[in-house]
There are 4 protein chains.
Amino acid sequence: MIKAAVIGATGYAGCELVNILSSHKDVKLSYLASHSYQGKRFSDVYPSFYRKVDSLLMEDDIEKAASVSDVIFLALPHGLASKVVTRDILREKVVIDLGADFRLKKRDVYESWYKSEHHSPDLLKEAVYGLPEIHRDEIKNAHLIANPGCYTTCSILTLYPLLKHELVETDGIIVDAKSGVSGAGRSEKTANLFCEVNESVKAYGVAGHRHTPEIEQELSFASGSDVVISFTPHLIPMQRGILSTCYASLKKGVSKDDVDKAYISCYASEPFIRITDYIPETRYVRGTNFCDISFRIDERANRIISIGAIDNLMKGAAGQAVENMNIAFGFDETEALDRKAGI
Amino acid sequence: MIKAAVIGATGYAGCELVNILSSHKDVKLSYLASHSYQGKRFSDVYPSFYRKVDSLLMEDDIEKAASVSDVIFLALPHGLASKVVTRDILREKVVIDLGADFRLKKRDVYESWYKSEHHSPDLLKEAVYGLPEIHRDEIKNAHLIANPGCYTTCSILTLYPLLKHELVETDGIIVDAKSGVSGAGRSEKTANLFCEVNESVKAYGVAGHRHTPEIEQELSFASGSDVVISFTPHLIPMQRGILSTCYASLKKGVSKDDVDKAYISCYASEPFIRITDYIPETRYVRGTNFCDISFRIDERANRIISIGAIDNLMKGAAGQAVENMNIAFGFDETEALDRKAGI
Amino acid sequence: MIKAAVIGATGYAGCELVNILSSHKDVKLSYLASHSYQGKRFSDVYPSFYRKVDSLLMEDDIEKAASVSDVIFLALPHGLASKVVTRDILREKVVIDLGADFRLKKRDVYESWYKSEHHSPDLLKEAVYGLPEIHRDEIKNAHLIANPGCYTTCSILTLYPLLKHELVETDGIIVDAKSGVSGAGRSEKTANLFCEVNESVKAYGVAGHRHTPEIEQELSFASGSDVVISFTPHLIPMQRGILSTCYASLKKGVSKDDVDKAYISCYASEPFIRITDYIPETRYVRGTNFCDISFRIDERANRIISIGAIDNLMKGAAGQAVENMNIAFGFDETEALDRKAGI
Amino acid sequence: MIKAAVIGATGYAGCELVNILSSHKDVKLSYLASHSYQGKRFSDVYPSFYRKVDSLLMEDDIEKAASVSDVIFLALPHGLASKVVTRDILREKVVIDLGADFRLKKRDVYESWYKSEHHSPDLLKEAVYGLPEIHRDEIKNAHLIANPGCYTTCSILTLYPLLKHELVETDGIIVDAKSGVSGAGRSEKTANLFCEVNESVKAYGVAGHRHTPEIEQELSFASGSDVVISFTPHLIPMQRGILSTCYASLKKGVSKDDVDKAYISCYASEPFIRITDYIPETRYVRGTNFCDISFRIDERANRIISIGAIDNLMKGAAGQAVENMNIAFGFDETEALDRKAGI
């Protein structure tokens, strides 16, 4: 039985973390912190947890959290985690950061996309990118796990086998992604009001969204050469879910069979990836830690269209964070994550 | 370990039954039947269950289901269950009917509201109304359990303590209820198309909805005298959830404290009822088997407004059906039902 | 051609006012003011108006607005209008206030429900309650028109003929109303975020909503005696629309025919009221200035259930405000309001 | 004053046609036909039109329609229009077909994508593709106008200036489009039920959607060489609207300024195209005949991302059909189409 802290427990990803961890047979919630709601009970903020998680919300102080916990989950806006994580904490504890601070290996890439200085560049090299399908072995021994972004998890997993197995050209890759509104967080912005989001669809961050370098980093790692993509996220009037529609040019002579084999080779034994005949829909993975992936070949254009779907709060945030904890602490990787979607 | 059959497994309530039962530690799904999709796999119809429930869908034949099962769940349109349930089956098996056929004790009430003859009037007296908060002891020994309707579960639970403890007048009770669209089932009707339901709200079945006599039956039972209510259901553009806003005139001298005591007296030890300070919202119970209830007193009008919320597919259908099974077979009542709602 | 100012032009009701007035053949928009967006163009805030209404947003100063306008629409939070409207302005101009400040005839009723002092009690007696179906003659000569609330317009219109013609008991009236989210305005509140509203329904302001005394005032006026109602509003995951489900006890001997006659007598020549056979749905009036009304008699309970539907931003706010302007300035009452709903 | 018939008046596009035409100052609705609802009133099927359009629905017989009309709108499933349009009708009347039968110039392209024989191949050469921004002059004298598809209108208009002005490579073009559910029509299919569509997003028709050849035909026409695209439509949980996110590789040396000039050159005087600074959102064009277009250049990938938005029932169907009628009959092109979107 380990003890877990969640700092930033009252955001949407934090809430889902609390939800999962409170059902985990090897975990006890030891410290829930919230900047905005300190002093209230968790169930005051999320009444659905009444009589389930009524703990008091504490100060968002990582030292205090660490003093009573084995693992600390940080679900904070970018730029905050790198200010508070210390080598002292990492020596004895495991920190799983759901923010962006430790995802990019190169400080200058971070600083150019995030337009701000990095607060702990020296920690970048010991941070492990927490995508188990690619970095499971490193995660096992990690003390600082950078949990991937929601768009990036979905997009990387969908494209990874194509680049790993050198089936597609490394230039000309396009990721057109669609996300539910919980990905935008719980902050009070006009743009996230019901009447602004409902009954509409929009692109945003066109040609400049910060998840771009994260996708490129991992795809370059897979292919062994620099990959530059175009990434366009869209906002969909629904609460949860991400769909990544990925376009790439097939190399000469690559057949459907080659592609099938690449996906099977990479993912056949993965507990949370389903290679499907049906075209993925976000409702099929809602509430689960699955990433559903399927592809079609457009022979007229010699192009592959690979489509992936995840729940942005699960495999795209809290679910994957718990998966990383399970790996790091030697628990069954699917513990507390073996959920099914219903209707 | 018992074996369970679900007949009508591909409707929304059937799907939720499969979802719950497939996680139940004491149950093995032995027979899933579907009129429309016989021969397909369950996960062909609901791809979210791919690699989780891939069983073949069988003929909707209760005899065949009974031959391989200990409990048979019927999730069928009204009028069908009473055609197929037999004394032979009931002798050895437990039948839990999610339809309306065995809910009303009086044959003539059924026939006048449903405008059709009852096929098995002789079975009515051995059917138990499966609302555990009121009939738990009878359910323990029942072989034919009539699972209550979704509106009725929510409305009865919300009003029951007021009538049981004689705090309100028995005439003048009004139930104004709001339901998500899954309550209308999965049949292909123009009225249930996205573009007909979305961005609108409507009342239907005004002054004639068939859940009325069911609510009256149980409230009359609680109060010991005939209760006549006005019940108006409304359709809300959301998938799941029922909210019942119930109005009743307080008897002279009844205080807020009296009402608090009545609710506590009835429900303090109930695992699935939460008496709340906050006004219930359907999202707080989404995906759970909870019924949240709260009340306010309108002193100007000497009236109590009690509000209850459930998930229509859980406590309003499949969840309560499994709860009934748990009781009838001596399992922990909350087994497989201890879910939390998230965001 | 008259000149019109809108103060509070960037709220949802203000936006709809601009929308209607910019199509009105006898009106020129002379002054659009916004507290939050002063200095921007209207189409910067609402890009749908790009190339249609690109006017600069001015200071929210009623004196400046009045100096260039014949009519001033105020779409402000309550408590502000009564601070800025003066006798000087009213002498020469017409003010149409979409807020609550001048709706209640009795200062003490206002102060007890709004928990604050009234800033211009002396103006209350010259304010006209702008519900044309009841007060058309007074509106013709009014200089200060208190535009009714959204819930109140729908609820009063639905119940008015029943009380005017003494067909129902004056006690025991219940109004259970359902509203889209635009009724809550455009302010940045967590409660109005997409992820908090979508896929849920809730009651709020139970036994204490401020539209209660407004409904009671007009129904008491209709019946000639004090009417006390219970009013419960609910929030629905949709943008626009209000549905009022109204319950009242029929007086002895009142027939369906009597009720039909009462509605016809009151509304036969009304341009914006449709007495319908079908049960109203908010989508049928979306974008229009119609109030659809229908009723059913519940004979078992000797109760009438009257249901009304409006678009809260049209007949419930901006549409009715323009209707009032049309009446006050002698234009055709339906000018710029003759829209149809589509799908 | 001309007389107009609508065959297929009770589908969503048909309904919007009736909506627009009934407000058109130069048009009288002479014949509304419906296969499914013949004998009912239009307002029985769409109660929002009660007291506005109460006409009886007639047999869907083009001869009868033609005998009382100057223009006949056909809003039928594909394959039907080509069976009923005759040279006799076209001699004296104007037929505007909202279906796919006459859009593709080449019979074999039609037959290979639609997998069925064309019924009137001889009429293909006199059909005019009704996209006014490209074919306005031909539309003026046309008797058979093939109204473009919804996805195609949005995608062609967004990409047309880039190909016309030879700014992008003709291979490698990708159109990732998102549509509201009304595009799927009003037929009773499980896939279009509220609970199947809501809270989810999916791609469909991947690498094989029938709007592909239509887009290619017009882009090839613009560029003077064969254009092959990849087109992927997605279904969004909203009623109306299409967003096309279009990706193309910029030719060497092409600057932002060049692109600006190309769009201005093609569209500066177009009444229904808005080149915008803001990224288009479907809500900004909802209910209007506008196509909003904006672009961003992704310099890292040397790629342009052009984004267009329309209302699929307006510029994507009924609005454009009326625009075509306005042109063919010499009316003001914007007559009855000068609507604004609100919130």
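Numbered from 1 within each chain, the chains take letters A, B, ... in sequence-line order. Computed from heavy atoms alone, side chains included, the values below leave out hydrogens, waters and symmetry copies. Model, not experiment: these values are computed from the prediction.
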What part of Tyr278(C) lies closer than 4.5 angstrom to a heavy atom of chain D: side chain, backbone, both or neither? side chain

Contact winner vs chain C - Glu16(D), Arg286(D), Glu199(D), heavy-atom pairs under 4.5 Å: Glu199(D)

For Asp26(C) against Glu335(C), the heavy-atom pair lying closest together: OD2-CG, 4.3 Å

Taking the six-membered ring for Trp, are Tyr263(C) and Phe295(C) ring centroids under 6.0 Å apart? yes

Measure from the side-chain N and O atoms of Asn198(C) to the backbone N and O of Phe194(C), and report whether any donor-acceptor pair falls under 3.5 Å. no

Relative to chain D, which segment of Ser23(C) carries a heavy atom at a distance below 4.5 Å: side chain, backbone, both, or neither? both

Quick one: of Arg283(C), Arg274(C), Lys52(C), who has the most non-hydrogen atom pairs under 4.5 Å with chain D? Arg274(C)

Heavy-atom contact with chain D under 4.5 Å, split by part of Arg186(C): neither

Glu281(C) versus chain D, the contacting section by heavy-atom distance below 4.5 Å: neither

So for Asp277(C), is it side chain, backbone, both, or neither that comes closer than 4.5 Å to the heavy atoms of chain D? neither

Minimal heavy-atom distance between Ser244(C) and Ala177(C), with the atoms involved, is OG-CB, 4.0 Å

Report the relative orientation of the aromatic rings in Phe49(D) and Tyr46(D); use parallel for angles under 30°, tilted for 30 to 60°, perpendicular for over 60°. perpendicular

Between Leu313(C) and chain D, with a heavy-atom cut-off of 4.5 Å, which part of the residue counts as in contact: side chain, backbone, both or neither? side chain

What part of Thr288(D) gets within 4.5 angstrom of chain C, counting heavy atoms only: side chain, backbone, both, or neither? neither

What distance do Glu323(D) atom CD and Phe272(D) atom CZ have between them, rounded to the nearest 0.5 Å? 5.0 Å

Measure distances from Asp44(D) to the heavy atoms of chain C and classify the residue's part below 4.5 Å as side chain, backbone, both or neither. neither

Salt-bridge contact Asp311(C)-Arg240(C) (side-chain N to carboxylate O under 4.0 Å): yes

Name the region of Tyr50(C), side chain, backbone, both or neither, that has any atom closer than 4.5 Å to a heavy atom of chain D. both

Please step through salt bridge (charged side-chain N to carboxylate O under 4.0 Å, His left out) for the pair Lys189(C) and Glu196(C), ending with a clear verdict. CA-CA 10 Å; Lys189(C) 290 181 189 158; Glu196(C) 307 291 316; over 6 Å; no

